[in-house]
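Down below is the structure, laid out as structure tokens.
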Amino acid sequence: MSRIIKIFDTTLRDGEQSPGASLSVDEKIAIAHQLAELNVDIIEAGFPISSPEDFDAVRRVALEVEGPTVCGLARTVPEDIDRCWEAVKDAGRPRIHTFIGTSRIHLEKRLQMTASQVVEIAVAMVRHACELCADVEFSPEDAMRTDLPYLVEIVQATIEAGATTINIPDTVGYTTPWEMQQTIEYLFANVSNIEQCTISVHCHNDLGMAVANSLAAVKAGAGQVECTINGLGERAGNASLEEIVMALMTRGAEFNATTNVRTQQLIKTSRMVSNLTGFVIQPNKAIVGEKAFAYEAGIHQHGIIMDRQTYEIMRPEDVGLSESVLTLGRRSGRHGLRQRLEELGYKVGDNQIDALYERFLEIADKKKQVYDEDLQMIMHEATAQVPEVWELVSLETTSGGTPTATVTLRKEDETYTDAATGNGPVDAAYQAIERITGISLELVDYSLRSISMGKDAVGEATVKVQRNGQEAIGKAASTDVIEASARAYLNAVNRLLVKENQQ
Ligand code: KIV
Ligand code: ZN
């Protein structure tokens, strides 16, 4: 019988450590709910001691998200572990994950401790965590550059201290599939109490081998894989959840293993994470890239028409790709909208439908055809909403000669109008917004992409802004790209104001 490999999602912890991927607490909660829909086994929701915001996010995931185990990260320090327990203790299934570096370079240069001191601390802190929580994971950080006999010693000691999962991280993405397989096999052969715990693996992607390394660990007996949606994470990222899950599904016989993941939720989860983090998915990214199931070459198209299996090893519907068909238009009613949204997997509350319908009509008025992608965009906008302190009322731009924008904004019940020039219409609109709000921001990043089909496709603008060390991402979509750009900028302004208020 095939083994069930536990999927430990660390998008909200390691994924969020990607420079520039910062998420608000509400966004983390929305992603955590979607991870529960995806049916991952464990959600690592954050690093509670690292900031009050992170603590709050982990605590809210623990309280609000049902299904998966909710885990928090802690260094092997009593205050970290206590704070982590505070954050996760109300989850249906809480877990504390504690870690300390074990490679020679970490011992000597970073920790400045001896190997036996580190074992002593790890054992004491795993014991401390076990007094609080029945489910404790221990990670010897940089395990793949740790001397093997020492790795055996610390793994055995921490299992004896009560750890229920031992995670083997390739912290710097240095290993190869063969080395990983040998390491896991070595642990199974040499750690006498290894059967008392689940062996996990956590691979970074610095050499582009994170998924292959994780699968090699599964082949050697690992029962848990740590990974992130879209492979988000420190530096080059972590192993990509969707690739691991689909590899195990497509090549189950090779691994004699499968997962509990509802694969039909993969696309939706991937797009949600991409939208909220502002990290655009590379078009040819395996499984979730826009082109992952597209056939351009005539010979391939011909084969697919004759029999899909000629060139297709996975069915698009298994990852949640719906045929993008025309379903709705200007004359569709609330009922039709709600039904299609529910078919796409969204739960639509009675109190939500009016606002969603209004936004749908705005798009339907501009486009003849409303596609599933447009509906997904509407839902992402709705889940990522922030209070609209500043709201766009109107925008007029001219681009002949000196580009000029005239902008009217509303704050509370007052409207304010101003005009500005810039080096293009988008820049002019941003200058006018800055004049009205009095909020001066540094624009760190700006991107624009088409998110639906047809000549009248919706353009989505994403901006990343900074002020006083705070960063915010704003997003908006419209068939008019200048309007999308202005709305995205205002969305970022409003997010920044929320963050500043929370501080
Ligand atoms: O990469 C790493 O080593 C980690 C640990 C905290 C597990 O993220
Ligand atoms: Zn990591």
Side-chain angles (χ1 to χ4, degrees), residues 6-19 21 40-51 54 58 69-77 80-81 83-84 87-88 95-107 109-111 118 121-122 125-126 129 135-146 150-151 154-155 158 163-175 179-180 183-184 187 197-211 213-214 217 222-241 244:
K6 290 185 207 158
I7 295 296
F8 176 114
D9 179 276
T10 182
T11 307
L12 299 178
R13 199 278 296 169
D14 214 325
E16 214 237 356
Q17 282 172 224
S18 306
V40 302
D41 299 280
I42 301 111
I43 296 175
E44 187 166 52
F47 191 176
I49 196 122
S50 66
S51 71
D54 234 40
V58 179
T69 295
V70 178
C71 174
L73 185 68
R75 289 166 300 185
T76 45
V77 175
D80 274 42
I81 292 172
R83 189 84 175 135
C84 181
V88 297
R95 174 181 293 189
I96 297 174
H97 176 192
T98 188
F99 72 100
I100 188 166
T102 52
S103 61
R104 214 171 277 181
I105 189 156
H106 276 247
L107 296 180
K109 303 284 183 218
R110 198 166 65 83
L111 301 168
V118 165
I121 291 171
M125 290 304 105
V126 166
D135 186 352
V136 172
E137 173 170 330
F138 172 70
S139 290
E141 190 190 6
D142 205 12
M144 293 308 296
R145 293 194 300 169
T146 298
Y150 179 54
L151 191 61
I154 197 160
V155 166
T158 47
T164 44
T165 300
I166 297 290
N167 179 44
I168 304 299
D170 182 23
T171 305
V172 290
Y174 179 72
T175 202
E179 196 173 61
M180 175 59 90
T183 302
I184 302 294
L187 291 176
C197 76
T198 300
I199 292 293
S200 168
V201 70
H202 174 116
C203 296
H204 280 270
N205 203 30
D206 299 67
L207 291 172
M209 290 190 279
V211 169
N213 292 336
S214 306
Q224 173 179 292
V225 176
E226 303 199 354
C227 44
T228 58
I229 301 294
N230 300 337
L232 218 59
E234 283 271 0
R235 308 180 309 278
N238 288 62
S240 144
L241 181 147
I244 285 170

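Indexing begins at 1, ligand by ligand and atom by atom, following the structure's order. The figures that follow rest on heavy atoms only: side chains count, while hydrogens, waters and symmetry mates do not.
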(request) Answer yes or no: is there a side-chain heavy-atom contact under 4.5 Å between His202 and Phe99? (result) no
(message) Working note: Phe8 + Thr198, criterion side-chain contact (heavy atoms from CB on, under 4.5 Å); need CA distance, chi angles, decisive distance, verdict.
(response) CA-CA 12 Å; Phe8 176 114; Thr198 300; over 6 Å; no
(request) Using a strict 4.0 Å threshold on nitrogen-to-oxygen distance, state whether Arg13 and Glu226 make a salt bridge. (result) no
(message) More than 12 heavy atoms of other residues, nucleotides or ligands under 6.0 Å from CZ of Arg104: yes or no?
(response) no
(message) For a quick test of reading the model, state the closest non-hydrogen atom pair linking Phe47 to Asp80 and the distance between them.
(response) CE2-OD2, 3.7 Å
(message) If the criterion is any heavy atom closer than 4.0 Å to an atom of ligand 1, which residues make the list?
(response) Arg13, Asp14, His97, Phe99, Ser139, Glu141, Asn167, Pro169, Thr171, His202, His204
(request) Side-chain contact test, heavy atoms from C-beta onward, threshold under 4.5 Å: evaluate it for Val40 versus Leu241 and give yes or no. (result) yes
(message) So that I can check it, does any N, O or S atom in Asp14 come closer than 2.8 Å to the Zn ion (ligand 2)?
(response) yes
(message) How wide is the angle at the Zn ion (ligand 2) spanned by His202 NE2 and His204 NE2, rounded to 10 degrees?
(response) 100°
(message) Between Thr183 and Leu151, is there a side-chain heavy-atom distance shorter than 4.5 Å?
(response) yes
